[in-house]
Amino acid sequence: MDPHSSAARRTAVLAGHLLRGSAPADGLSSALIEPAACVHYSPPELSEQPPAFDTASLRRVLDGHDIEGRDWLFRLMEESSLFCPRRRGDRTFVAPDYNQPMEQQRAVTMRRIEYLLAHGVFEGWLTGSGPEALMRKFAFFECIGIYDHSLAIKLGVHFFLWGGAVQIFGTKHHHDKWLKAAENFQVMGCFAMTELGHGSNVRGLETIATYDANTGEFVINTPCESAQKYWIGGAANLLINGTNQGVHVFIAQIRDAEGNVCPNVRVADCGHKIGLNGVDNGRIWFDNFRVPRENLLNSVADVLPDGQYVSPIKDPDQRFAALLAPLSSGRVNIAVLAVYISKVGLSIAVRYALTRRAFSISANGPEVLLLDYPTHQRRLLPLIAKTCAMSSSTNFLKRLFTKRTQESNRSIHIYCSAFKATLSWHTMRVLQECREACGGQGLKTENRVGILKGEYDVQSTFEGDNNVLMQQVSKALLAEYIAAHKRKSPFKGLGLEHMNDPCPTIPSNLNSSTLRSSKFQLDLFCLRERDLFGRYANEVSQHQAQGETKEKAVLLSYQLAGDLARAFTERSILQIFIDDEMAQPAGPLKDILGLLRSMYALICTEEDASFLRYGYLSLDNAAVARKEVMKLCCDLRPHALSVVSSFGIPDAFLSPIAFDWIQANSWSSLNEE
């Protein structure tokens, strides 16, 4: 072998390493391989700067209400073995055991409900009154959802859908008979609206209820297989003397006191799912099933003993809209839970990124923390800002819902549809990004992020498919736009008052100061929204002028409809977040809210092609805005730990990789499993 060849040199070096003390014969290398220092864990609190603001104050802004009640319920769950406490290293974590068979997951869900019931968690959930009671109910539901989506959905169906239907559509005799019994779980309810053939299209439901005046009963039938109730978790078309009066709500007892299925009812299980296996979703068929006339929930419409149909709401469309009211509470819950699950994922991913290192940027330098890489910051920090802004929006939505009136129901429907869709989409993006940001550790069920994707994926389609909901939003906004122009009156409500003002102008050359100005950000978002209003209305009008029906014209304009719904939603969230920021006195808390608000506004600007497509921003200004996002990442990086600590998620509800992930994966930890 040629002693000067590269192969010879490599052989000599390797020989030197193996001989551990004998230098290579040709003296080419005397360096020996030294064992690398073991990777060790250091809590981020030791290396990160102390909080620049009061984290408890930021939590009060983000949680909005019932802080002490939330913490009490978190402790209550931590203290019970029913919530599967697991020791990992020097910490205990609580999370459902997703490795259990489906039947066991369902059984333990019910045992957890019994435990929470015995400790008074559900007190007043159906019999309480006033905004404070409802806000407390929301807060407790959020805490339960942070622990387990199956548990939350089981309770949501019982209290918000079944119980909410009795509250809203029932009258005094229904309330007296059912609400207290349901609150104490003496009676368990489900909400059987969805069918195999119809989900979002509630008007298309095929189940039939026919009134029999001879017996004073309704006869409920499943006329075809597509009419079977699916995912049930009661609704049917009401026939009076051969006339279809549309969808109405009935109380139908499908099991007896012993849990046996009643005659003329067939039930089947929906089977194993990609998530929510602690919920016993089922299918229902009715075969001439009879229910008493009094079981029609009759606050919106009634049938008299002689079969006469009566309703204080004469317009069938308005009556149908009133019958969908319980879905609003469900959508509020989905939007809120979406934010809290985003907080869980981001808390885990950020804490891991503040302790996990990878690669060094110099020959002998230390490995770099994941969150010190600009790319990692760009992946996580904008999502934190979005989550904070969305947290403010859900507090606004809850306040609006708790003070609802007949006049505000339309606004509530628009807001909860927009927020439910946008925030549940956001959650899935957050969980995917956090899963990837945690590398292989994100795949482990015990680290929560990966399993939460399967558990919360359903949010995008239940209580309304997100794409359909956003179409409903744009259609409702179009109606507001047309009505205002027909009346020649100013816009009022839904934050649309900006449409009455002169059109905002955007500076031709943007700089950092302008880009971070809340006035500029709101002007930009309002400009987009008002322009899209005009474009959408004009396109629909053009299709109608070409002979299309209004319904077909709206369908053909789906691209602008989606752009408008997005513009309305993002402007609403920004406005609400600005209001929360402005409510704070000058100081560090207001400063951090300003950074988060600017990040929210500019990342939305970067991600929506409308700003370039329709010329709201020039190419140069869009490039400047994108660079400002990078600067904001640098400015937010020192506050990352403080912000996620303000989310108020107890350590036990996070996961091992959020803390000492080396100890949690050590050989000795195997004895703890």
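All of these numbers come straight from a predicted model, not from anything done at the bench.
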Engineer: Going by atom types alone, do H498 and Q575 pair a side-chain donor with an acceptor below 3.5 Å?
Structural biologist: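 There is no such pair between these side chains.
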Engineer: Yes or no on side-chain contact (heavy atoms from CB on, under 4.5 Å) for F577 and L596, after CA distance, side-chain angles and deciding distance?
Structural biologist: CA-CA 9 Å; F577 202 32; L596 292 166; 4.0 Å; yes
Engineer: Would you say that I573 contacts T569 through its side chain, given a criterion of any heavy-atom pair below 4.5 Å between the two side chains?
Structural biologist: yes
Engineer: So, are D563 and R613 salt-bridged, with charged N and O less than 4.0 Å apart?
Structural biologist: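 Yes.
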Engineer: In Å and rounded to the nearest 0.5 Å, what is the CZ to CZ distance from F401 to R331?
Structural biologist: 11.5 Å
Engineer: Determine the minimum heavy-atom distance between C604 and F611, stating which atoms define it.
Structural biologist: O-CE1, 4.0 Å
Engineer: At their closest point, which heavy atom of L612 faces which heavy atom of A622, and how far apart are they?
Structural biologist: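 That would be CD2-CB, 3.8 Å.
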Engineer: Mind checking the CZ-CD1 spacing from R571 to I576? Nearest 0.5 Å is all I need.
Structural biologist: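 Reported value, rounded in 0.5 Å steps: 8.5 Å.
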Engineer: Evaluate the side-chain hydrogen bond (donor to acceptor under 3.5 Å, both in side chains) criterion for residues S226 and E195: first the C-alpha distance (whole Å), next the side-chain angles of each, then the deciding distance (0.1 Å), finally the verdict.
Structural biologist: CA-CA 7 Å; S226 59; E195 296 178 353; over 6 Å; no
Engineer: Any chance you could lay out the side-chain hydrogen bond (donor to acceptor under 3.5 Å, both in side chains) test for Q544 and K550, step after step, and finish with the verdict?
Structural biologist: CA-CA 6 Å; Q544 288 181 278; K550 182 180 179 181; over 6 Å; no
Engineer: Mind checking the CD1-CZ spacing from I451 to R435? Nearest 0.5 Å is all I need.
Structural biologist: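 Nearest 0.5 Å value for the CD1-CZ distance: 12.5 Å.
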Engineer: Counting N and O atoms only, with roles assigned by atom type, does the side chain of K273 sit under 3.5 Å from a partner on the main chain of V279, one being a donor and the other an acceptor?
Structural biologist: yes
Engineer: Give a yes or no on whether N509 atom CG has more than 12 heavy-atom contacts from other residues, nucleotides or ligands under 6.0 Å away.
Structural biologist: no
Engineer: Checking the side chain of K229 only, and the main-chain atoms of A192 only, is there a donor and an acceptor separated by less than 3.5 Å?
Structural biologist: yes
Engineer: Against the six-membered ring of F160, is K137 placed for a cation-pi contact (under 6.0 Å from the centre, within 45° of the normal)?
Structural biologist: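 Satisfied, under 6.0 Å and within 45°.
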Engineer: Indicate whether any N or O donor in one side chain lies under 3.5 Å from an N or O acceptor in the other, for E581 and Q584.
Structural biologist: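 No, no side-chain donor-acceptor contact under 3.5 Å.
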Engineer: Applying side-chain contact (heavy atoms from CB on, under 4.5 Å) to D523 and C526, what does each step give before you reach the verdict?
Structural biologist: CA-CA 5 Å; D523 280 351; C526 289; 5.6 Å; no
Engineer: Check the orientation of F533 and F491. Use parallel for under 30°, tilted for 30 to 60°, and perpendicular for over 60°.
Structural biologist: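 Ring orientation of F533 relative to F491: tilted.
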Engineer: Compare every heavy atom of F568 with every heavy atom of L494, then report the nearest pair and how far apart it is.
Structural biologist: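 Heavy-atom minimum between the residues: O-CE1, 3.5 Å.
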Engineer: Check for me whether R597 meets the cation-pi criterion with Y600, that is, NZ or CZ under 6.0 Å from the six-membered ring centre and within 45 degrees of the ring axis.
Structural biologist: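 No, R597 and Y600 do not form such a contact.
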Engineer: What closest approach, in Å, do G464 and L469 show between heavy atoms, and which atom pair accounts for it?
Structural biologist: O-CD1, 3.6 Å
Engineer: Please test R516 against E628 for salt bridge (charged side-chain N to carboxylate O under 4.0 Å, His left out), starting from the C-alpha separation and ending with a verdict.
Structural biologist: CA-CA 9 Å; R516 297 193 185 200; E628 196 63 29; 2.7 Å; yes
Engineer: Just wondering, more than 12 heavy atoms not from K403 lying within 6.0 Å of its NZ?
Structural biologist: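 No, because the 6.0 Å sphere around NZ of K403 holds 12 heavy atoms or fewer from other groups.
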Engineer: Are any non-hydrogen side-chain atoms of H149 and V458 less than 4.5 angstrom apart?
Structural biologist: yes
Engineer: When rounded to the nearest 0.5 angstrom, what is the spacing between CG in L400 and CZ in R404?
Structural biologist: 10.0 Å
Engineer: Between T394 (side chain) and V336 (backbone), is there a donor-acceptor pair under 3.5 Å?
Structural biologist: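 Not confirmed, T394 side chain does not pair with V336 backbone.
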Engineer: Do L380 and C434 come within less than 4.5 Å of each other through their side chains, counting heavy atoms only?
Structural biologist: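 Yes, side chains in contact.
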Engineer: Can a salt bridge be assigned to the pair D635 and K631 using a cut-off of 4.0 Å between side-chain N and carboxylate O?
Structural biologist: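 Here D635 does not pair with K631 in a salt bridge, since their nearest N and O are not under 4.0 Å apart.
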Engineer: Any heavy-atom pair between the side chains of L574 and I578 that's under 4.5 Å?
Structural biologist: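 The answer is yes; the side chains approach within 4.5 Å.
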Engineer: Hey, is the main chain of K552 close enough, under 3.5 Å, to the side chain of T549 for a donor-acceptor pair?
Structural biologist: yes
Engineer: Which heavy atom of C190 sits nearest to which heavy atom of V157, and what is that distance?
Structural biologist: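 Scanning both residues completely, I find the closest heavy atoms to be CA-CG1, 3.8 Å.
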Engineer: Please determine whether a side-chain nitrogen of the Lys or Arg among K475 and E480 lies less than 4.0 Å from a carboxylate oxygen of the Asp or Glu.
Structural biologist: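 No salt bridge links K475 with E480.
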Engineer: Taking atom types as modelled, find out whether T222 and Q228 have a side-chain donor-acceptor pair closer than 3.5 angstrom.
Structural biologist: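 Absent: no donor and acceptor within the cut-off.
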Engineer: Checking side-chain polar atoms at under 3.5 Å, does N511 have a donor or acceptor matched by the opposite partner on S513?
Structural biologist: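 Side-chain D/A pair, N511 to S513: absent.
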Engineer: Side chains of Q546 and Q542: any donor to acceptor distance under 3.5 Å?
Structural biologist: no
Engineer: Measuring only between side-chain heavy atoms, which start at C-beta, is L383 closer than 4.5 Å to H426?
Structural biologist: yes
Engineer: Closer than 4.0 angstrom, basic N to acidic O: yes or no for E570 and R566?
Structural biologist: yes
Engineer: Working to the nearest 0.5 Å, report the span between OG of S342 and CD1 of I384.
Structural biologist: 11.0 Å
Engineer: Are any of the side-chain heavy atoms of E455 and Y98 separated by less than 4.5 Å?
Structural biologist: yes
Engineer: S424 pairs by side-chain hydrogen bond (donor to acceptor under 3.5 Å, both in side chains) with which of T461, N466, D457?
Structural biologist: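 It is N466; the other options fail the test.
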Engineer: Is any side-chain heavy atom of S392 closer than 4.5 Å to a side-chain heavy atom of F396?
Structural biologist: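 No, every pair of side-chain atoms sits at 4.5 Å or beyond.
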Engineer: In Å, rounded to the nearest 0.5 Å, how long is the span from CG of L595 to CG of L632?
Structural biologist: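 It is 6.5 Å, given to the nearest 0.5 Å.
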Engineer: Does the ring of Y340 carry K343 above it, NZ/CZ under 6.0 angstrom from centre and within 45° of its axis?
Structural biologist: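 Yes - K343 lies over the ring of Y340, closer than 6.0 Å to its centre and within 45° of its axis.
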Engineer: Run the salt-bridge test on E497 and K492 with the 4.0 Å N-O cut-off and return the result as yes or no.
Structural biologist: no
Engineer: What's the shortest heavy-atom distance between L370 and A437, and which atoms?
Structural biologist: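 Looking at all heavy atoms of both residues, the closest pair is CD1-O, 4.1 Å.
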Engineer: Any chance you could lay out the side-chain contact (heavy atoms from CB on, under 4.5 Å) test for L337 and F141, step after step, and finish with the verdict?
Structural biologist: CA-CA 9 Å; L337 269 187; F141 185 77; 3.8 Å; yes
Engineer: What's the verdict on side-chain contact (heavy atoms from CB on, under 4.5 Å) for K398 and H65, showing C-alpha distance, side-chain angles and the deciding distance?
Structural biologist: CA-CA 10 Å; K398 286 184 285 186; H65 59 98; 2.9 Å; yes
Engineer: Does anything in residues 377-386 form a side chain to side chain donor-acceptor pair (under 3.5 Å)? List the pairs, not counting sequence neighbours.
Structural biologist: R378-E606, R379-E433, K386-E607
Engineer: Output yes when a side-chain donor or acceptor of H198 lies under 3.5 Å from a complementary backbone atom of G204, and no otherwise.
Structural biologist: yes
Engineer: Within the distance-only criterion (no hydrogens, no angle test), does the side chain of S391 pair as donor or acceptor with the backbone N or O of C388 below 3.5 angstrom?
Structural biologist: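 Checked: no pair found.
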Engineer: Mind checking whether Y616 and L524 have side chains closer than 4.5 Å, heavy atoms only?
Structural biologist: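 Yes, side chains in contact.
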Engineer: If we check side chain to side chain contact (heavy atoms under 4.5 Å, CB included) with L617, which of these qualifies: V624, L510, L527?
Structural biologist: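 Between L617 and the candidates, side chain to side chain contact (heavy atoms under 4.5 Å, CB included) is satisfied uniquely by L510.
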